[in-house]
Number of protein chains: 2
Amino acid sequence: MPPSSQKATMHDVSRLAGVSKMTVSRVLADPDLVSESTRNKVMKAIEQLSYVPDRVAGSLSSRRTNFITAILPTLTNSNFADTAQGLAEAMRPADYQLLIGYTMYRLEEEERIIRAMLARRPDAIVVAGTTHTKAANEMMLRAGIPIVEIWDTPEHPIDHAVGFSNYEVGRAAALHLLALGHRRIGALGSRMDSDAKDLRGESRLAGFTSVLREAGLGDELVIREGLAPVSYDHGALTLGVLLERAPDVEAVFAVSDISAVGALMECHRRGIQVPDDLSLMGFGDFDIARQCVPAITTIRIDAELIGRKTGELLLQVLDHSADADNSPASAINVGFELVTRQTTALSKKQL
Amino acid sequence: MPPSSQKATMHDVSRLAGVSKMTVSRVLADPDLVSESTRNKVMKAIEQLSYVPDRVAGSLSSRRTNFITAILPTLTNSNFADTAQGLAEAMRPADYQLLIGYTMYRLEEEERIIRAMLARRPDAIVVAGTTHTKAANEMMLRAGIPIVEIWDTPEHPIDHAVGFSNYEVGRAAALHLLALGHRRIGALGSRMDSDAKDLRGESRLAGFTSVLREAGLGDELVIREGLAPVSYDHGALTLGVLLERAPDVEAVFAVSDISAVGALMECHRRGIQVPDDLSLMGFGDFDIARQCVPAITTIRIDAELIGRKTGELLLQVLDHSADADNSPASAINVGFELVTRQTTALSKKQL
DNA sequence: ACTTGTAATGTTATCGATAACATGCTTCAT
DNA sequence: ATGAAGCATGTTATCGATAACATTACAAGT
């Protein structure tokens with residue numbers, strides 16, 4: 001460990017500058033309140049002592065930590081990483097620090113994390129998803145701070161929400177494949193295990209099957225295998241399962257581009273022509289989906305935008321928190337967009 | 001905002017349980033110190049009041065925040081996300097919370113972040129990279145807490161280090177391509193801009209060119225274009241630049257698998273056969289490199305392991321921090337491994 | 001019986017800042 | 001001239017916990 005020089009406190013600075021602690025505090029928090037000459041004296045003292053203010057003490061005193069808790073399923077999914085980055089970016093000018101926790105798609109873990117995070121007294125909580133354990137829900141309700149549920153559209157929001165409808169995403173996917181004339185349509189998702197469940201992915205599958213049923217088709221080709229988070233392997237494996245169940249499948253929707261890419265590569269390996277033999281689409285508009293050959297049809301959501309919008313919303317709410325609870329709980333729908341690329345094509349049967 | 005019930009303090013709990021604050025504190029920190037009957041009373045009071053301890057106050061008092069600062073170039077690179085996850089995983093049992101900052105590959109930004117983070121009084125700092133601004137270096141030296149530089153092997157470590165030699169990675173890549181009989185060898189990297197520079201990628205390129213020169217080859221095919229972080233597009237674009245400069249190039253090393261994948265897809269689009277027309281390799285062993293068709297030869301580093309090892313090291317050091325500065329600064333080299341797959345093959349000229 | 005040890009709990013003094021109010025000194029309109 | 005207003009600064013009281021030391025009660029050893 002490097003040599004520890006005794007850390008200087010605000011008191012040390014004030015003595016060296018010949019002013020009171022409060023003046024030092026003002027120089028740091030609101031320089032305009034202090035005359036230029038004193039300000040310079042204080043700045044010099046800060047410099048000389050390499051003083052770094054102690055925000056722990058500051059937070060206790062001011063009852064504001066400038067921490068924002070962000071609870072996401074995982075960091076190793078570029079979509080969520082984008083959201084985190086967008087949120088961090090939006091909050092940075094206001095000097096907020098992100099406290100990131102990840103749940104591994106487990107609700108009990110989410111509850112544990114919320115409890116642990118609340119002890120840090122964050123100024124707000126951002127949480128992915130709209131389904132939480134009872135205890136988690138109560139803790140957030142009681143917390144007395146703004147809560148933002150993101151990445152879906154909650155029916156009963158705790159407070160604010162920023163996201164899109166995963167259910168509608170699933171419907172849009174199914175409608176696209178149907179419109180191309182496909183009838184043997186499948187999907188690749190993950191298992192709804194008690195260990196780990198991708199509730200948003202499941203919503204997409206639910207929307208997807210709802211359309212299939214409306215079209216008089218069954219949902220027997222909707223595969224749920226493997227645990228969240230999905231991977232390239234997941235796509236490859238579940239495609240294998242699907243092909244075994246229905247060698248004549250014409251079109252497939254994967255709940256994530258990652259799975260879609262894995263499935264596409266599996267097609268390459270098996271000599272299945274995409275989209276001639278099989279139409280394939282994903283979700284998320286990951287970079288790789290655009291870069292793949294052939295480029296993958298997908299549903300674009302702007303993950304970074306979700307983060308940024310959430311940040312902007314919070315800045316506004318936190319700023320007005322002075323004038324009591326007049327902050328109306330807002331629900332922002334950022335929408336999504338079907339991006340047709342090269343992996344989906346008209347059914348040959350139609351031709 | 002949800003209704004804010006007044007938050008209960010430890011004092012409230014102690015009154016309700018009919019004990020002193022200190023006893024409540026003990027129940028939470030070291031339950032064995034308290035008799036079973038009092039402990040139960042206290043627990044009941046905690047439950048009744050939905051008491052959540054205030055770690056801000058606790059940290060100020062105990063002078064330990066249980067925060068670990070992790071400073072990484074970006075979160076949207078699965079390698080760094082893996083490292084973060086590994087670190088978080090290792091520290092979690094000891095109840096440490098990660099404070100993540102990302103620099104966007106900019107040293108000035110790193111300095112800014114270090115300064116901001118130090119105000120939170122972390123118990124340790126983990127920072128990617130071994131090159132820092134002068135001010136950043138001094139701040140870390142002065143901080144009086146363990147510092148771990150990761151993702152490279154520093155010549156002059158500030159304190160501890162966990163990583164591998166990027167320079168040797170570059171050498172291994174060049175040696176592999178040379179061993180296959182290639183002589184027209186190029187590389188794809190990013191520009192060393194003042195805005196953003198990937199110093200570790202640059203080390204890999206340096207090691208790479210050192211071998212080329214030893215073999216009597218020039219480095220004119222080492223492309224440095226675009227800003228870090230690299231992307232699939234980056235790989236596609238720089239490959240284009242390289243092909244323009246040397247249509248007869250035989251083998252290429254990309255500083256990242258991401259670039260390598262982008263380059264591979266560009267080859268697909270241009271009808272260049274890999275590895276028949278061109279050998280291609282990357283770095284990082286990203287999932288996508290293994291899944292690609294053809295699967296990409298790469299250099300595997302275990303990013304998650306770097307995080308985990310760092311965590312274990314810190315737990316040990318922080319635990320012993322009681323017995324003064326007896327913690328020997330350790331430098332752990334986790335090494336790397338060349339993974340030969342389908343994108344590199346013997347030079348045809350040799351045949 | 002008397003020290004001594006130890007287990008369980010309480011008391012007091014911080015930790016390093018900020019909020020809220022108080023003070024002193026100018027300035028300026030009337 | 002004078003008092004209200006405003007600027008620049010200081011004082012005092014917290015914020016909610018933990019460390020360190022103090023106390024009490026009872027058991028065990030001699």
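Both backbone and side-chain heavy atoms feed into the values below; hydrogens, waters and symmetry mates do not. Computed from a prediction, not measured in an experiment: that's the story for all the values here. Residue numbers start from 1 in every chain, and the chains themselves are labelled A, B, ... in the order their sequence lines are given, proteins ahead of strands.
Ion pairing between a basic and an acidic side chain is recognised when a charged N comes within 4.0 Å of a carboxylate O; A/Asp95 and A/Arg55 show such pairing. At a threshold of 4.0 Å, the pair B/Lys44-B/Glu47 does not count as salt-bridged, since none of the basic side-chain nitrogens sits closer than that to a carboxylate oxygen. Residues A/Arg121 and B/Asp54 are paired through a salt bridge, judged by an N-O separation under 4.0 Å between the basic side chain and the carboxylate.
Distance CZ (A/Arg26) to P (D/dC7): 13 Å, rounded to an integer number of Å. Between A/Met22 atom CE and D/dT9 atom C1' the separation is 10 Å, expressed in whole Å. The CZ atom of A/Arg120 sits 15 Å away from the C1' atom of D/dG16 (whole-angstrom rounding). Computed from coordinates, the A/Leu28 CG to C/dG16 P distance equals 16 Å when rounded to whole Å. Rounded to an integer number of Å, the gap from A/Asn66 CG to D/dC15 C1' is 16 Å.
Of the candidates D/dA20, D/dG10, C/dC15, the closest approach to any side-chain atom of A/Thr23 belongs to D/dG10.
Counting any heavy atom pair closer than 4.0 Å across all strands shown, A/Val19 reaches sugar-phosphate atoms only and no base atom. If you check every strand for non-hydrogen atoms under 4.0 Å, B/Arg55 touches nothing. Residue contacts for A/Thr38: at a heavy-atom cut-off of 4.0 Å it reaches the sugar-phosphate backbone alone, with no base atom in range.
Side-chain contact check for A/Glu89 and B/Tyr102: at least one donor-acceptor pair (N or O, by modelled atom type) lies under 3.5 Å. Side chains of A/Thr130 and A/Glu149: no donor on one and acceptor on the other come within 3.5 Å.
Contact check of residues 42-54 of chain A against DNA chain C (heavy atom, cut-off under 4.0 Å) returns A/Tyr51, A/Pro53, A/Asp54.
Residues B/Leu60 and A/Lys21 both approach DNA chain D. Their nearest nucleotides, taken by heavy-atom distance, put A/Lys21 toward the 5′ side.
Counting atom types as modelled, A/Ser62 pairs no side-chain N or O with a base atom of C/dT18 as donor and acceptor under 3.5 Å.
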Test salt bridge (Lys or Arg N to Asp or Glu O under 4.0 Å) applied to B/Glu138 and B/Arg142, step by step:
CA-CA 6 Å; B/Glu138 271 171 22; B/Arg142 268 188 236 268; 3.7 Å; yes
